[in-house]
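Chain letters run A, B, ... following the sequence lines, proteins first and then strands; every chain starts at 1. We use all heavy atoms of the structure for the numbers below, so side chains are in, but hydrogens, waters and symmetry mates are not.
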Amino acid sequence: MTEMLASKLAEPKQVLTGVSPAADHSEGMSYLERLPRRLITLYLPLFIILAVLLFPFYWMALTAIKPDEQLLDLERFNPFWTWNPTFKHIYKLLFETDYPRWLWNTMLVAICATVLSIIASVLAAYAIVRLRYKGAQWVGGAIFLAYLVPPSILFIPLASVVFQYGLFDTPFALILTYPTILIPFSTWLLMGYFKTIPFELEECALIDGASRWQILTKIVLPLAIPGLISSFIFCFTLCWNEFIYALTFLSSTQNKTVPVAIVNEFVDGDIYRWGSLMAGALVGSLPLVILYAFFVEHYVSAMTGAVKE
Amino acid sequence: MTDVAVKTARPSPLALTGWDRLKTNRSWLAFWFMLPAAAFLILFLAYPLGLGVWLSFTDAKIGRSGVFIGVENYEWLWDDSVFWLSVFNTLLYTGVASAVKFAVGLYLALLLNENLPFKAMLRAIVLIPFIVPTVLSAIAFWWIYDAQFSIVSWSLRHLGLISGNIDFLGDIWNARWSVIFANIWRGVPFVAITLLAGLQTVSPSLYEAAIIDGASSWQIFRYITYPLLTPIIAVVMTFSVLFTFTDFQLIWVLTRGGPVNATQLMATLSYQRAILGGQLGEGAAISTAMIPFLLAAILISWFGLQRRKWQQGESND
């Protein structure tokens, strides 16, 4: 199963650049199509789809820097552009609300949950792939199934578990529950990476008297660094994105994460709230977009790895 | 091989302490390696999953553990029109959104697979909606769907296509299509990029051979691309269907299930009943009712894959 799909997916670098052994001579036929034809069948639909995909972000950013009076007066001002941008909304957000605190909460929870999950996943993936204990295949399958269990059917019983353990309304409620989403995913991803590391390397080390722990930390992990980065940033993104657990397990304003706080704290009757709402959404997305810009390839590899069954 | 190497490293059978056993015995070692992941998954995944099913058979409320009441919660839901409405909404939402995501995602993947200038950058940009947290992009959609100041209404009005503002989230069917559109917007990049990864492994020589044989571009897609892509399509669409079916965030931000439960999904209904209404048992029953649907989705894609494999005559994977 695993091997079958693995061979049917391109490497992440190829996905982005299209430079692959298979695609090497793919340009061969495209000169047969003339430009006007390509314009209609290729560039136009592509442009429309991209415009739709990006418009909400443009609108979000524009709203965040528009002065209030231009925001709601669509007749006197051209709504698609502003000549006098203001940082009032962002300033207000950062200095007059708890927003920095929420950002910090989100960051803390995301980093702790990610680190915990990666440690657990590295150990589990190594054991499943390389120690090959009895029933390892079944455990691998069970982990894949765990990946398919969605948070929306777990949050009610988890809320009572969190309450029983006395974690309600603390960051630990999230730090300990997020790994249930992250561990199945990153174990699955790392299993794929560990399988690609030649077993002969480990054999040599074993003959030289290295322990399993030494093999893991000195041979396997350094070779699996791309996989570790992929799973780290993807887990981080998933944590940042998580909503229903944070909504259910936290109650006090100061403990909230960015997505929950924006939805619950910013929504009041104020007709001018849109500026600060959009500023909040923009500032909340920026860290992830910046991270993404640096690690595009790793994201793609995490995404394609997630569906390599 | 492994065992031989480990045995030679051992000093002598007599000096075998517990620690040595632990270091060398593979099963023990595996046990320790699996422990952290297993602890998390059992304590916070398997146990709550079981607890959820148990809760659905009790009358638990927030702050009060319930007593066993059999299938009373389910009987209650059976006669509850709001529950059936939410089932209908969920099926509509999942069906329409997944079908469109598949069609547009595949189309976009085919477009991106062409030879384009700035290829890498275009592909990176496509993924951005997937990277930005759903809640935050949903808030942008909320503003775009505003009843009074919607930019879409404004543009259509100035193009002369409509005379009054569209009430995107206030009207029953408008609200349904609006949330479905937002979901499609969020899901297309994932489908497109994963399918693109599959597309790139299709050897160009197959296409060349087909063109020489005089195949039309539809025939090329239908008889070469699509069959080779089926396994990856099955997996991607399983994920897509699962996550659409259990969606919560988007609905919660945009409509909270309104107007008059027109966009109430099973997930939002269970949140409303269990957490806001305090009826944990009833909410758990709604969540548990989602499980058969999810299992069905998984089994369909699983057997789809099996059949595919059987047709291709691959036996060693």
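Ranked by heavy-atom pairs shorter than 4.5 Å toward chain B, the options Ser160(A), Ala136(A), Pro45(A) are led by Pro45(A). Ranked by heavy-atom pairs under 4.5 Å with chain B, the first of Thr237(A), Thr177(A), Val289(A), Thr63(A) is Thr63(A). Ranked by heavy-atom pairs under 4.5 Å with chain B, the list Arg130(A), Lys134(A), Met278(A) is led by Met278(A). When Val52(A), Leu145(A), Leu176(A) are compared by the number of non-hydrogen pairs under 4.5 Å with chain B, Leu176(A) comes out ahead. For the set Leu280(B), Val135(B), Ile151(B), the count of heavy-atom pairs under 4.5 angstrom toward chain A peaks at Ile151(B). Counting heavy-atom pairs under 4.5 Å between each of Tyr126(A), Trp240(A), Tyr165(A), Phe155(A) and chain B puts Phe155(A) at the top. Most heavy-atom pairs under 4.5 Å with chain B, from the set Val149(A), Leu238(A), Ile183(A), Leu53(A): that is Leu53(A). The greatest number of non-hydrogen atom pairs below 4.5 Å with chain A, out of Leu49(B), Val253(B), Leu35(B), is found for Leu49(B). Of all the listed residues (Ser270(B), Gly283(B), Ala38(B)), the one sharing the greatest number of non-hydrogen pairs under 4.5 Å with chain A is Ser270(B). Contact tally against chain A (heavy-atom pairs below 4.5 Å) for Ala267(B), Ala274(B), Pro129(B): the top residue is Pro129(B).
Taking the side chain as every heavy atom from C-beta outward, Trp274(A) and Trp142(B) approach each other to under 4.5 Å. In this structure, the side chains of Leu136(B) and Ile262(A) come closer than 4.5 Å at one or more pairs of heavy atoms. Residues Trp32(B) and Leu123(A) have side chains not in contact (no heavy-atom distance under 4.5 Å, counting atoms from C-beta outward). Looking only at side-chain heavy atoms (C-beta outward), Pro56(A) and Trp185(B) come within less than 4.5 Å of each other. Leu116(B) has its side chain within reach of Tyr43(A): a pair of non-hydrogen atoms, C-beta onward, lies under 4.5 Å apart. Within the 4.5 Å cutoff, side-chain heavy atoms of Asn241(A) are placed close to those of Gln249(B). Taking 4.5 Å as the limit, every side-chain heavy atom of Val132(B) sits out of range of all side-chain heavy atoms of Tyr292(A). No side-chain heavy atom of Thr41(A) sits under 4.5 Å from any side-chain heavy atom of Leu111(B).
Contacts of Leu45(B) with chain A are made by both backbone and side-chain atoms, with heavy-atom separations under 4.5 Å. Residue Phe130(B) touches chain A through its side chain alone, counting heavy-atom pairs closer than 4.5 Å. In this structure, the portion of Trp154(B) lying under 4.5 Å from any heavy atom of chain A is its side chain and not its backbone. For a residue to count as touching a neighbouring chain, one of its non-hydrogen atoms must lie under 4.5 Å from one of that chain's; by this rule Trp54(B) does not touch chain A. Contacts between Tyr107(B) and chain A at a heavy-atom distance below 4.5 Å involve the side chain alone, from C-beta outward. Both the backbone and the side chain of Phe40(B) have a heavy atom closer than 4.5 Å to some heavy atom of chain A. Contact annotation for Leu110(B): neither backbone nor side-chain heavy atoms come within less than 4.5 Å of a heavy atom of chain A. For chain B, no part of Phe163(A) is nearby; none of its heavy atoms comes within less than 4.5 Å. Contact of Leu247(A) with chain B is made through backbone and side chain together, with heavy-atom distances under 4.5 Å. Neither the backbone nor the side chain of Leu195(B) comes within contact range of chain A; no heavy atoms are under 4.5 Å apart. For chain B, no part of Ser117(A) is nearby; none of its heavy atoms comes within less than 4.5 Å. For Pro151(A), no part sits under 4.5 Å from any heavy atom of chain B, backbone or side chain. Contact annotation for Glu242(A): only backbone heavy atoms (N, CA, C, O) come within less than 4.5 Å of a heavy atom of chain B. Residue Leu158(A) touches chain B through both its backbone and its side chain, counting heavy-atom pairs closer than 4.5 Å. With a threshold of 4.5 angstrom between heavy atoms, Ile49(A) approaches chain B through side-chain atoms but not through N, CA, C or O. For Ile139(B), the parts lying under 4.5 angstrom from a heavy atom of chain A are both the backbone and the side chain. In this structure, chain A has no heavy atom under 4.5 Å from any part of Arg273(B). Using a 4.5 Å cut-off between heavy atoms, Ser155(B) touches chain A through its side chain atoms alone. Neither the backbone nor the side chain of Ile181(A) comes within less than 4.5 Å of any heavy atom of chain B. Residue Leu42(A) touches chain B through both its backbone and its side chain, counting heavy-atom pairs closer than 4.5 Å. With a 4.5 Å cut-off on non-hydrogen atoms, Asp146(B) touches chain A through its side chain but not through its backbone.
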- Task: Could you check Val263(A) against Arg256(B) for side-chain contact (heavy atoms from CB on, under 4.5 Å), going step by step and ending with a plain yes or no?
- Result: CA-CA 11 Å; Val263(A) 173; Arg256(B) 307 225 165 167; 3.3 Å; yes
- Val161(A)/Leu43(B) under side-chain contact (heavy atoms from CB on, under 4.5 Å): CA gap, chis, key distance, verdict: CA-CA 9 Å; Val161(A) 170; Leu43(B) 280 180; over 6 Å; no
- Query: Val300(A) and Arg123(B): side-chain contact (heavy atoms from CB on, under 4.5 Å), yes or no, with the steps?
  - Reply: CA-CA 10 Å; Val300(A) 174; Arg123(B) 291 172 183 178; over 6 Å; no
- Check against ring-ring contact (aromatic ring centres under 6.0 Å, His included), Phe44(B) and Tyr178(A): CA-CA 9 Å; Phe44(B) 292 102; Tyr178(A) 284 1; over 10 Å; no
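In terms of modelled atom types and a separation under 3.5 Å, the side chain of Ser152(A) and the main chain of Thr246(B) share a donor-acceptor contact.
A distance of 4.5 Å separates CE of Met34(B) from CD1 of Ile143(A), quoted to the nearest 0.5 Å. A distance of 4.5 Å separates CG of Leu148(A) from CD1 of Ile298(B), quoted to the nearest 0.5 Å. To the nearest 0.5 Å, the span separating CD1 on Ile286(B) from CD1 on Ile156(A) amounts to 7.5 Å. Note that CD1 of Ile244(A) is 9.0 Å distant from OG1 of Thr268(B), once rounded to the nearest 0.5 Å. Here Ile128(B) contributes atom CD1 and Leu288(A) contributes atom CG; the two are 11.5 Å apart, rounded to the nearest 0.5 Å.
Ring centroid separation for the pair Phe248(B) and Tyr245(A) does not come in under the 6.0 Å cut-off.
Nearest heavy atoms, Ser137(B) versus Met60(A): CA-CE, 4.3 Å. Shown here for Ala37(B) and Ala124(A), the closest heavy-atom pair between the two residues is CB-CB, 3.7 Å.
Between Phe33(B) and Trp213(A), the ring-plane angle classifies as perpendicular under the 30° and 60° cut-offs.
Remark: Phe47(A) CZ is loosely packed, at most 12 non-hydrogen atoms of other residues, nucleotides or ligands lying under 6.0 Å away.
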